[in-house]
Structure formats: C-alpha cells, structure tokens
Amino acid sequence: MTTATTAADRAEAPSRKPATMAQALNQALRDSLAADPAVHVMGEDVGTLGGVFRITDGLTRDFGEDRCTDTPLAEAGILGAAVGMAMYGLRPVVEMQFDAFAYPAFEQLVSHVARMRNRTRGALPLPITVRIPYGGGIGGVEHHSDSSEAYYLHTPGLHVVTPATVEDAYGLLRASIASDDPVIFLEPKRLYWSKADWSPQEPSAVPPIGRAAVRRTGRTATLVTYGPSLPVCLEAAEAAEEEGWDLGVVDLRSLVPFDEETVAAAVRATGRAVVVHESSGFGGAGAEIAARITERCFHHLEAPVLRVAGFDIPYPPPMLERHHLPGVDRILDAVGRLQWEER
Amino acid sequence: MTTATTAADRAEAPSRKPATMAQALNQALRDSLAADPAVHVMGEDVGTLGGVFRITDGLTRDFGEDRCTDTPLAEAGILGAAVGMAMYGLRPVVEMQFDAFAYPAFEQLVSHVARMRNRTRGALPLPITVRIPYGGGIGGVEHHSDSSEAYYLHTPGLHVVTPATVEDAYGLLRASIASDDPVIFLEPKRLYWSKADWSPQEPSAVPPIGRAAVRRTGRTATLVTYGPSLPVCLEAAEAAEEEGWDLGVVDLRSLVPFDEETVAAAVRATGRAVVVHESSGFGGAGAEIAARITERCFHHLEAPVLRVAGFDIPYPPPMLERHHLPGVDRILDAVGRLQWEER
Amino acid sequence: MTVLDTPAWRPRTDAAPLLPDPEPYRLLGTPAAADLDPALLGRLHGQLVRGRRYNAQATALTKQGRLAVYPSSTGQEACEIAAALALSPRDWLFPSYRDTLAVVARGVDPVEALTLLRGDWHTGYDPREHRIAPLSTPLATQLPHAVGLAHAARLSGDPVAALAMVGDGGTSEGDFHEALNFAAVWQAPVVFLVQNNGFAISVPLAKQTAAPTLAHKAVGYGMPGRLVDGNDVAAVHQVLSEAVERAREGGGPTLVEAVTYRIDAHTNADDATRYREESEVAAWRAHDPVELLERELTARGLLDDAARQRALDEAEAMAADLRERMHEDPELDPTELFEHVYAEPTQQLREQAAQLRAELEAERQS
Amino acid sequence: MTVLDTPAWRPRTDAAPLLPDPEPYRLLGTPAAADLDPALLGRLHGQLVRGRRYNAQATALTKQGRLAVYPSSTGQEACEIAAALALSPRDWLFPSYRDTLAVVARGVDPVEALTLLRGDWHTGYDPREHRIAPLSTPLATQLPHAVGLAHAARLSGDPVAALAMVGDGGTSEGDFHEALNFAAVWQAPVVFLVQNNGFAISVPLAKQTAAPTLAHKAVGYGMPGRLVDGNDVAAVHQVLSEAVERAREGGGPTLVEAVTYRIDAHTNADDATRYREESEVAAWRAHDPVELLERELTARGLLDDAARQRALDEAEAMAADLRERMHEDPELDPTELFEHVYAEPTQQLREQAAQLRAELEAERQS
Ligand SMILES: Cc1ncc(C[n+]2csc(CCOP(=O)(O)OP(=O)(O)O)c2C)c(N)n1
Ligand SMILES: Cc1ncc(C[n+]2csc(CCOP(=O)(O)OP(=O)(O)O)c2C)c(N)n1
Ligand SMILES: [Mg+2]
Ligand SMILES: [Mg+2]
C-alpha cells in the first residue's frame, strides 16, 4: 500500500499543477482508500486495466486486489454485492462502465440502495458511491452517451452529484465517498480530459454536497446548468458579451440535494433564466429546475424560464451528436427569446 | 376460442351497464385477442389465476395457453422475450405484476424497447404494450405502491398512457395494443374497483392516444392531472364550489404524447394552474407539465403553476399513506395559494 | 505453453462432486436418525410447533384486519426453523418475504417481526442487532446482499457466514444468477437455501424451470448442490449446518434445494383452488414436517403426551400474547416519514415535513 | 398420490445426458475429419480467409479515423463463420457487438455491416431482410430476444431456429440466465453460442466464473451443453448445425461453449499488454483457426498453393473495396433523427425538427 507515499506526495507538493479531471478523480479514490480502510473500489475492469477511462489506474497495484476489485460482468450483482458490503460496514465505491450499463442495476438502486436507510429507520445506512461516466460528446457508439440523471434525481434516498471542474471532481468525489448516504456520482465523460491548475484540497476544504456554485454573476439573465454543460454555458456567457448581455452562470454541482437558495438568488438578480443540460428535455432535470424557479421567483420573472436541452430522441450516433448537444448558439438563441412575447 | 361468443355478447348488449375498471380492462384484452391473432398476453400468474388483480381472468381458458401465457418469474426475461416476439411480428401485451417489479426490466425497456424502431430506421417497430398496475392507496406493503411514470416519460421512444375512467381503460388499452409503438400502460390500482355505466366502444370510437380530456371547464383555476388523481381532483373541484371557486379539470390520459394544446388552452382560460399527481414531486411528471405550461402560457399566468404531489420520500407504509397522497384539502390549499405573493 | 494449458481451455473444476444426488436427502425415519442429538430434536420440535401456531395466528389476524397481508409458511416450517437454528449468533440471515417464521425462530419478538405486514415501517427489528436483513419483497434481490456481506466479512477475517433464502420462483430472476456467480468466484461464505414449495403464487414448478432439480443449478456456478427433503427438519438442519460450517471455514458457497410444499394459499388474499388440486395438497399433508418429527421422537421415546402438550401450550401462550399485542394499532408519527430518507433531511424534506406538521395541527384543531 | 409423485419432488429430467464432455470437441486433425464434405470445407476456408482480412482492414480503418471503434474477432473467425454458415436462410441470427464477421459471412454488405461502427445509425442492414438482429451492445440483452423470436416462430408452426451469440463475460449477466431458462421452459428453437475467448475486456475467465466449463451451465436449465474447440471451424460448424437442426425439429435449445481466444486487443482503443502475457497469445497463435483448417485441407490434398492464393486474392479484393467505399463519410440527414422515434412524430418532435431545420438553414446561409 502506498498510503504513506500518497500523503508524502501531497505534503511535498501543495502547489497547484495542471491536472485533468481524470487525474483528480483517480487522486480522490487514492486518498479515500488511503484515509479509510472501509473504502473498497469495485467494478468491471477497474483492477489491472485501471478502468476503460483509467480512473482507477494503479489502485489495485497500490492497494491490493481486495481494495480495488475486478468483478464479474453483472451490474445488478455488483451493486447488490455492494449493498451487502455496506451492510457489513464497508464503503463501496462502485464503477458502472458507462451510463447505459447502469440500467441493469436499476432495481437494486431504486428498491434497495435508495431505501434501505428509510426502511430500517436509520439502522442500515448504505454509504455507497456509484460512479457513472455519463453524457455524450465523445463520439461514442450507441449506449455510451446517455444522460441518465433524471432517473436518479426522481428517486428519493439518493444523492445525485456531478462535478464540472477538476477541483470539484476531486472534492465532490471525496465528499461523496465520505457521505453516509448513497451517492450517484455522475462523471461527465467529455470533461475527463479537461485540465486545470489544481492541487488536492485538504479534506477539510472539500465542499459539502448540496451547494451550487455561482461561476459567474450577471445582470441580464442567469444560466443554470451542471456537469458537461458548464463549459458550454461559460463559453456562451463570454460570447454573449458581444451582444451586450451580461449572463450569470450557476453550476448546480448536485441535483440532489438541490440548492434552491443559490439558484433563486441568482435568478432574482436577473429576472430571466435559461436552464441548460444535454439530456432529453422532456421530463429532464431542467423541468424540475424550471418549475421550481418559477414557483419561487414568479414575481421576479420578466419571462418564462426557458430550457435548452437535448432533443427528445434516443442519443444520436457520433456523426450527428453535435446537432443534439446544446451549444453556444442554441443557448444564446434562448437568451434572445427571453425578451419573450407569447407564441 | 370464444371469439364468437365475445362478439355476440357485445352485439346482444350494446346498452351501458355498470362495470369496474378491472372488467373494462379484461374486456379490452379479450376483444384485442379476438380481433387480432398476433396479440399475445404474457406475464407472471396471468394464466390460470387470471392475474393477482384478475385483469386477465379467463383469458387462458378462452384463448388457450399460447395466447395468454404464464411465464417464469423474471421481468427482464419477460420483456426481452416480448421484444423477440414483436420482432417476429406478434403484438405482445406484457403484465408486470406491480410497479416496483417492473424495475428489473428497466434495461430492456430503455435500451431496446424504446429504441429498436429508431436504431433500425423503422425496420423493427416493437408493438408491445407493457401493463403496469401502479400507484398507492390500496394499503399495499412496500414495493407495491410506486408511481413510476417519471422514469418512463423521460425515455424517448415510449408512449406513456394512463386511464382514469372505466371507458378510457377500455379505449386506451385497445388503442395501446393496436399502436405500432411500445406503450407503457399504467393502470391505477386504486381505481380497479371504480365503477361506471359503460359498454365497450366500437374500435372506431376508441380515442387516439395523445388527447387530453377536459373533464370539467372552470374559470378560477385549472387542475391538470391524470390516472389515480383524477377522482381526487374532481372531488376537489366540487368542494371548491363552496369556496366560490370554479375549477377546471384536465385529465391528460397520456403523458407521452403530451397534449400541449388542450392543456395550454385550459390554463389560458383561467390564468392559474395546479398540477396534481401522487408520485414524488421532485423530478416528477408535474415538473414537466408545470415547466411547459409556464413556457407556453407565461403572459397569461396570474400566479406560478403550483404542484401538489407526493412527498419526496419512498412510498410510505399503509398506515401512513393517507398523509402522503394528495387529497382534496391539499389541492384546495394550493388553489388558495394561487392568489400568491412571493414567499 | 500450448492452448491446452491456457485457463480458457482447462475446466476449472471437476463437475462430478458438485452434482446433487437427485433423491432428496432424508434423516427422519432412517437408521441415520438414531445418531441425532435428542436435545437438538427437542429444540426443533418446540420451534416447529410454535411456528405452525404462529402461521395460524398471523393468518387469523389478517381476517381481523390487524395485518395487511400474511404469506404463510405452513407446511414449510421445517425449512424456516432449520434455517434459523443452523446459524450461530454472529452469522447473518437474509430472509425472503415469506420467512417471518425464520426471523421469529432466530429470536426476534413475534410482534416486531410483523411490523411490515401490519402496515407499519418495513423492519420492526434492528437488523444489526439480530443480524437479520429486512424481509425482502423484490424476489431474489437479497441474494447479492448476502454475498456482499459474506465477502466483506471474509475480507475482514471475520468468521461469519450468511444464509440467504429464496423461493423456487425466485431462482428464475437474474439476481439469483448473478449472486450465485459472485459467490462462487469470490468463494464467499454464503449458503443459498431454495425452498421449492412447488409454486410461485399460481405458477407451478414445471412452468418455472426444466432443470433436473433446482439444486442442479449449482454446477453452472462451480459450487456444490444439495437436495433435501424440506419437510424433514433434521435433514434440512444437518445439510444447512454442514454448508454453513464449510462456508465459515473458507470452503465456499453451497446451493441447497429443500423440496417442500406451501399448504396454505400464497397469502390470505389468494385463492389456491384456482390453480391446484386438493389431492396434491392432501399428499403433502400426509408428509407433514411436524408429524414426521413427532413420529421419530415418539418411536425413540423422546416425546410423550405430556411433552407434546407442553409444546402446544407454549405455542398457545405465544399466540395469545401475539393476539393481544396486535390488538391495537401502533402509534405512528407521520412526520417520521421525512427523518430516515437521508442522514440529514434536505431543505425540501424539511419544508414538506413542516407542511405536514401544519396540516396535522390544523386537523387536530378542527 | 404421495409426495413422491408430486412434481416438486420428482426430478424433471435426468442430468447425465445434459452434461458436456469437459474435453472440447475437435474434428480437424482427427480421423473423423475424413468424413467431412470437401465442398463445405472449401466454403469455410474461403470465409475464414476473408474474415481474417476483414478484421485487419476494419482495424486499419479505425487508425484512419474512418471507424469510431472496431472490436476485432481475429482468432475467433472459426466461431463467427461457423455460426453464419450453420443457419439456413429462414433462421435468425442474434449477434453480439463483436460479431460483425458473422453478419458479413451471412451475406450482409461489408460496408453496411459497419454502419454503426463508423458513427452512423446502428443497423445499416435491414434486420428483417437478412434475418439478423442488430448487433447488440448491451451484453446478453439480445439473448431473450432470440428466445422470444424462436418461441413466436414455434407458436406459428414456422420451422425457424434462432442462433444467439454471447461472450464469456456476457454469461454473468442476469439476462443470460433468464433467456436460457425461458428457452428451456418453452422448449424454444434457439441455440446459444458462447464464445469463450478468455477475457471480458481485461477480466480473465477465472474472475468471471468458477464453473467447470461454461457449457456446464446448461444443466441448470435442463438443456444439453456442448463444449467445442472454437478454433476448429469444422467442429463448431458441426456442433452448431446439429443443435440448430434439433431446435428446428422441436428438440429444444442447446448451449454451446466454443473455447477460443481473442488475439487482438478488446478493441483498437484497448491495450491488451496491460492485462495478459504474450506467451498466452503465442500459444493461441499456434492454434490458429485458419492454419488448423489449412493443415487438414493440405493433408487431404484439397488445398494447393494456387487455391490458397485465390482465397487470399478474393479477400484482398473485398478489403480493397471496403477501403475505398469507407473512404468517404456517408451523407447523413440530421433531421432524420426525429423520424423513427415513433411511428408518427409527436408534436414536440415536430417542433424540435423544425428548430433544427431552421438552425441548419441559418448555418447554410452564414
Ligand atoms: C421481482 C419481483 N417480481 C414479482 C414479485 C411478485 N411476487 C411476490 S411473491 C411471488 C411468487 C414467489 O414465488 P417463490 O419464489 O416460489 O416464493 P414462494 O411465494 O413460493 O415462497 C411473486 C411473483 C415480487 N415480489 N418481486
Ligand atoms: C450490460 C453491459 N455492461 C458492460 C458493457 C461494457 N462492455 C463492452 S464489451 C465488455 C466485455 C465483454 O466480454 P465478453 O462477453 O467476454 O465478450 P468479448 O468482448 O470477449 O467478445 C464490456 C464489459 C456492455 N457492453 N454491456
Ligand atoms: Mg414457491
Ligand atoms: Mg470474452
């Protein structure tokens, strides 16, 4: 085990260095494994291979097969076994190889993971983190680009967390693993290779789950987004300056718990809001966000809250995905329509 | 086979008689089996027993085991086999015994049932009807009262239909079985024993899927609802008269396709709307409905669209469910808050 | 190295020792029964009698509206009791929804064990204290839990075994397959007990499987399969005890099929005459677990009328206590609904709890 | 009637005939090979050579960015070809994501078969015309489809069999279990071909299963299991043909495990050196499906250098055609995205299509 090394590394090098989100996630797993012997990483190909995205790279080598385990190929079995491990007192961190391959585990997730604490009146909490690489934009073939957050956020008992920055990837994953509740940790695939100057936060500096981040304050309108769409929204906000629009951008970071206060404050400040995400719009996370903003800020709104989301179609093939994903133009177009008269 | 008998029965007795929703559903299955040899009913206990709710009562006796088949106990297997049967050209009607027991079939549903037509550019449509008794109010123990519509309506490629009246139970089920697309047919358990005067519509009179029904026009505010909550809304509308409120009630009948025109027109007529359903509010169907109404009717709205829904908790035990389910008081309370000043 | 040496080519293990004897194992009424410990037989007898009475009482309570539903295990008491008694206190039990009797036999208060079924919260008992998972309603989903727990214990060097119960119908679910496969690959200390009671609600075994026996499924996972007469409490107890012991000592998992019969309907709400013949029920009544044991005990002079009466009296006292304590609805606090969803309620849950509290207050005042 | 007569008690079938011989069945190089039809061997040889070339060409196309990804079946060509050729035209094939070669061998245009993998729509070919289901990416999910289709055909009195392909890793999924169980209970005319190529991406067989062999899983469903040398194309073809025949004639399903090896990495994006030894790869290279057949053909005087060259030339021509036709990206119409979601697009989809059309128009104009 390299617990000592890891700690030493950090002690020696507190300064910020460029890192990818993938590296930050790997570091978060390492530091969690080192910090708590109850943490166990498990999933398909997470061992020797280090995962198809290399997020678990080197963990089996450094912590042993019992702490980072290649499982048989069966997602319900993986999550179901994690439930039993958590009942015993461990903290399993489960990897689902891709978004669509988490669906076989849906029954375990909804009927057990989300409800065990409740059904036992708190006697059997399940501190399980389910890591799911999600979303599109990587040219993946079918079943490799789903955005499945809406299924999870509607399931009481689950936390739903999704980082959009390198720093949050580390901090939120550590916080999720430390949480006594099950967390669906959605990793935006297309941000795995995004880079930022970063050094791992001290555990104490890790943000608690449930606080949205205002990435940019604005006066014209507020973009509310999360995960893979954050960089798109920030880009849109820059481009909007040319139009003379001053856009605020809120990064939710967790869909559950949902930080109503931060969102409502940011929307009230502008009186206009656009919700942006790449999953299908119909019944997507944006519906809840828009409905909630409207409930809370109605008399501050100059225009209806609009949504810019993926179309209501199965995720398209690689050659067409750019037409599906919300881009800068579509966001600016929606902002333009906020000076809205009823159609 | 009793094709003839069934047809004769109807020819002899076109007049309306009291029937329960369960009987109407049974008749719809019978008439579908008689009308089209491609129709096959399958599921756990649908044969000799006639289903735990007796919706398939007598079908095996009258149409034979091959047309109404007891399957092994495996929901993914049932739905997966139905996919193959539909690929061959049959029209499977699958019963999932209870809402929560449809979850094991989630991968088959999302990754195949919803997408086969699209992935084959129309070459392999899947005319499958998945009947799911759903919702609470029957004193069922855990896993027997889930409202799972939000999972389905967010999945492009599926139709999501739910009747609220005896007549619609028959008509919509026949239309669903006749549809060339997969339909999630959600049967409100607590309305199974609801009664109305009714005779089976001629196939031609069956309403197409995708039209909402205005159950009551009103001038003060509009209740938008579906399935098990319709009777509650109608009761609320009656009670509201005492308060001097004239409430309209729209019954969606299908969540997908969503009848925006009818809903928008009804809401514009009053300028105020409350969406009512019993599933958890967060990320529920009501979020989409409220967000969409707001997008389309913003300048007609005097108040934000409010939602009255189940709490964001796992469905409660029988002794507490009455506190969870939206009732008349909670609906009227929301209507009261439509004269709303921001909190 | 040639292909013949590569792992894909070489069979991992020999199949022969994994195959079950297709004749269910029996002890009672056979010469081998002479070796059985009289004290153990006495304990099993007491529990069987108590169990039968419990099922009858619980079913009666449904008629009085004191229970929402009760899936009786009458006819299957031998499996229920043997499962509970084969475990040592540190082991874990993973019951299926029909296994209230095993839960009670393991020491849970008879009323607490009915918490879910009376319409209260799911698990009345504390699962950690009793080392009993909540009764699992979604079929077979508890099996991977048992595997995970057993695996975790083994990783921690903790000599704990898990015993997981499932029905014949439940063996068709994907979770059954995944659980057994994980258990075998991990050599987890877990024992799977399939109670083959002939039916999954109305669906008979022949529509559930074409396997020689359910125990034969073990071969496909590389674990031993055992077939036992599920109405012979001594045989079930012995087979399970051996399997639990083997698991605890690192010998890996076992699949046990106990052949038995559900004498009552699926639940009080079911009408079994719709799908089965009375003659079949009668055949199984003639192979009654309580009688099988009593015959053995009587033959060996271990049970006289007085002892039998004592067992019945004790069971009757338990039933009377159950009746009485179940007579009143428990006091439930609706606002507790929001307390255990998460470690800390979210803002939204706090608001919803406040709303409900206000409504309850208004109700109280009007 | 006694319990001994009840269905739960009696084993449904005898296990012995279901058990696979744990030694993989081989034909090439054995005396039995003498009986093989030279014309068949010739066809198999041509397809093997073509298949190998196809894999190489498709992998090369990924390097040139003409394909999003390609999971090569090099080393497994015998299984792919035998599967395609064991079927009659009315039968159905249910391939897994790795089985492009079987699809091509069954007659689909080599370019069309790559439609999905080049980033276009999923199924380029018409599944009904070719009687080939779409290549299935979610592992094992296609198995119940094969069962359902075979069952439907049987109900219709239509003598059609379905052959479903899956990997060793895929056997761990719940869908594998449910499919095999349904098939056996329904006696559906379906054959399951497991290509055991030693790995599921990086996970070796020993971490996937502890079963004696994967073919032993058949016993637990009550169907026969067969084990075959997956690199012996004649043996695989014979075993599959027999199973397909038996299925079509009402004899029920069969599970066939073909022991083989994935010579290439999982896909072009994978680095197999991270998880396996070159010596193992070398051992399997020495047991090459093309060479095994060529050795047999040569020994029997059925293949001279000229014939071999002809096969290579034909394969080369196919590859050249593939290269050329794959050189250009297909023209895709983005608005088709909305057309096949439902039989009729919903109002919302019509609006979204209109939005996209307007955007495309604006793009074109700017
Ligand atoms: C996943 C799932 N599907 C369906 C059901 C509904 N159901 C409850 S009990 C039962 C039959 C169970 O049969 P078996 O496993 O043989 O157990 P037994 O009732 O005989 O004890 C069914 C279908 C369920 N509880 N869970
Ligand atoms: C349900 C599901 N889970 C995970 C994956 C990701 N995945 C793709 S291929 C693969 C390994 C498959 O191994 P095997 O079944 O042996 O087939 P092979 O690749 O060897 O042909 C995995 C895990 C998937 N496609 N589907
Ligand atoms: Mg049973
Ligand atoms: Mg493989």
Side-chain angles (χ1 to χ4, degrees), chain A residues 43-54 57 60-61 65 69-78 80 97-98 100-105 107-108 138-144 280-282 308-324 327 329-330 333-334 343, chain D residues 68-69 97 115-122 134-141 167-177 200-204 207-209 266 269-272 274-276 329-330 332-341 346 348-349 352-353 355-356 358-360 362-363:
Chain A
E44 296 157 8
D45 303 289
V46 298
T48 321
L49 184 66
V52 295
F53 292 107
R54 303 291 186 269
D57 196 25
T60 294
R61 184 191 62 223
E65 273 203 60
T69 309
D70 277 334
T71 62
L73 209 169
E75 293 77 10
I78 296 170
Q97 202 160 77
F98 281 89
F101 307 142
Y103 301 148
E107 181 187 31
Q108 284 290 346
I138 61 158
V141 293
E142 208 198 344
H143 309 288
H144 290 77
S280 293
F282 197 84
V308 177
F311 297 125
D312 296 322
I313 61 174
Y315 195 86
M319 286 181 176
L320 296 176
E321 67 179 335
R322 72 180 182 89
H323 299 292
H324 179 72
D329 287 351
R330 223 170 262 163
D333 184 57
R343 44 175 161 167
Chain D
V69 64
Y97 77 105
T115 307
L116 156 74
L117 297 169
R118 79 197 295 193
D120 189 349
W121 293 76
H122 201 163
L135 291 156
S136 177
T137 300
L139 298 166
T141 55
D168 48 309
T171 65
S172 296
E173 289 282 2
D175 275 15
F176 172 86
H177 175 71
I201 308 186
S202 71
V203 180
K207 290 189 185 171
Q208 200 65 250
T209 180
H266 166 62
D270 178 43
D271 173 8
R274 287 178 77 105
Y275 53 79
R276 67 182 188 185
D329 275 343
L332 299 192
D333 173 7
T335 60
E336 199 187 336
L337 286 174
F338 303 93
E339 271 173 41
H340 309 294
V341 184
T346 60
Q348 289 76 27
L349 286 178
Q352 292 169 22
Q355 183 197 335
L356 180 57
E359 287 177 9
L360 293 170
E363 229 177 69

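Keep in mind that what you see is a predicted model, and the values were worked out from it rather than measured. Naming convention: chains lettered A, B, ... in sequence-line order (proteins, then strands); numbering from 1 in each chain.
Contact annotation for D:Asp168: neither backbone nor side-chain heavy atoms come within less than 4.5 Å of a heavy atom of chain A. Neither the backbone nor the side chain of D:Glu336 comes within contact range of chain A; no heavy atoms are under 4.5 Å apart. Contacts of D:Glu339 with chain A are absent, with no heavy-atom separation under 4.5 Å from either backbone or side chain. Heavy atoms closer than 4.5 Å to chain D are found in the side chain of A:Phe101, but not in its backbone. Residue D:Leu337 touches chain A through both its backbone and its side chain, counting heavy-atom pairs closer than 4.5 Å. Only the side chain of D:Ala68 comes within contact range of chain A, with heavy atoms under 4.5 Å apart. The parts of A:Glu75 that come within reach of chain D are both its backbone and its side chain, each placing non-hydrogen atoms under 4.5 angstrom from that chain.
The two residues D:Val341 and A:Pro314 have their closest heavy-atom pair at CG2-CD, 3.9 Å. Contact between D:Lys207 and A:Pro72 at its shortest, heavy atoms only, is O-CG, 3.5 Å. Across all their heavy atoms, A:Glu142 and D:Thr137 have their closest contact at O-CG2, 4.0 Å.
Listed options D:Thr209, D:Leu117, D:Val69, D:Val203 were ranked by heavy-atom pairs under 4.5 angstrom with chain A; first place goes to D:Val203. Annotation: maximal heavy-atom pairing with chain D below 4.5 Å, among A:Asp312, A:Thr71, A:Val52, occurs at A:Asp312. Among the candidates A:Asp70, A:Thr69, A:Thr48, A:Leu49, the residue making the largest number of heavy-atom pairs closer than 4.5 Å to chain D is A:Leu49.
Taking the charged nitrogens against the carboxylate oxygens, A:Asp45 and D:Arg274 have no contact shorter than 4.0 Å, which rules out a salt bridge.
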Exercise. Show your working on side chain to side chain contact (heavy atoms under 4.5 Å, CB included) between D:Glu363 and A:Asp329 and close with a plain yes or no.
Key: CA-CA 11 Å; D:Glu363 229 177 69; A:Asp329 287 351; over 6 Å; no

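Using a 4.5 Å cut-off on side-chain heavy atoms (C-beta onward), D:Glu359 and A:Asp333 make no contact. At least one side-chain heavy atom of D:Asp329 sits less than 4.5 Å from a side-chain heavy atom of A:Met319. With contacts defined as side-chain heavy-atom distances shorter than 4.5 Å, the pair A:Arg330/D:Gln355 qualifies.
Taking CG of D:Leu139 as the start and CD of A:Glu44 as the end, the distance is 8.0 Å to the nearest 0.5 Å. From A:Leu73, atom CG reaches atom OG1 of D:Thr171 across 8.5 Å, with rounding to the nearest 0.5 Å. Taken from NE2 in A:His324 to CG in D:Leu356, the straight-line distance is 11.0 Å, to the nearest 0.5 Å.
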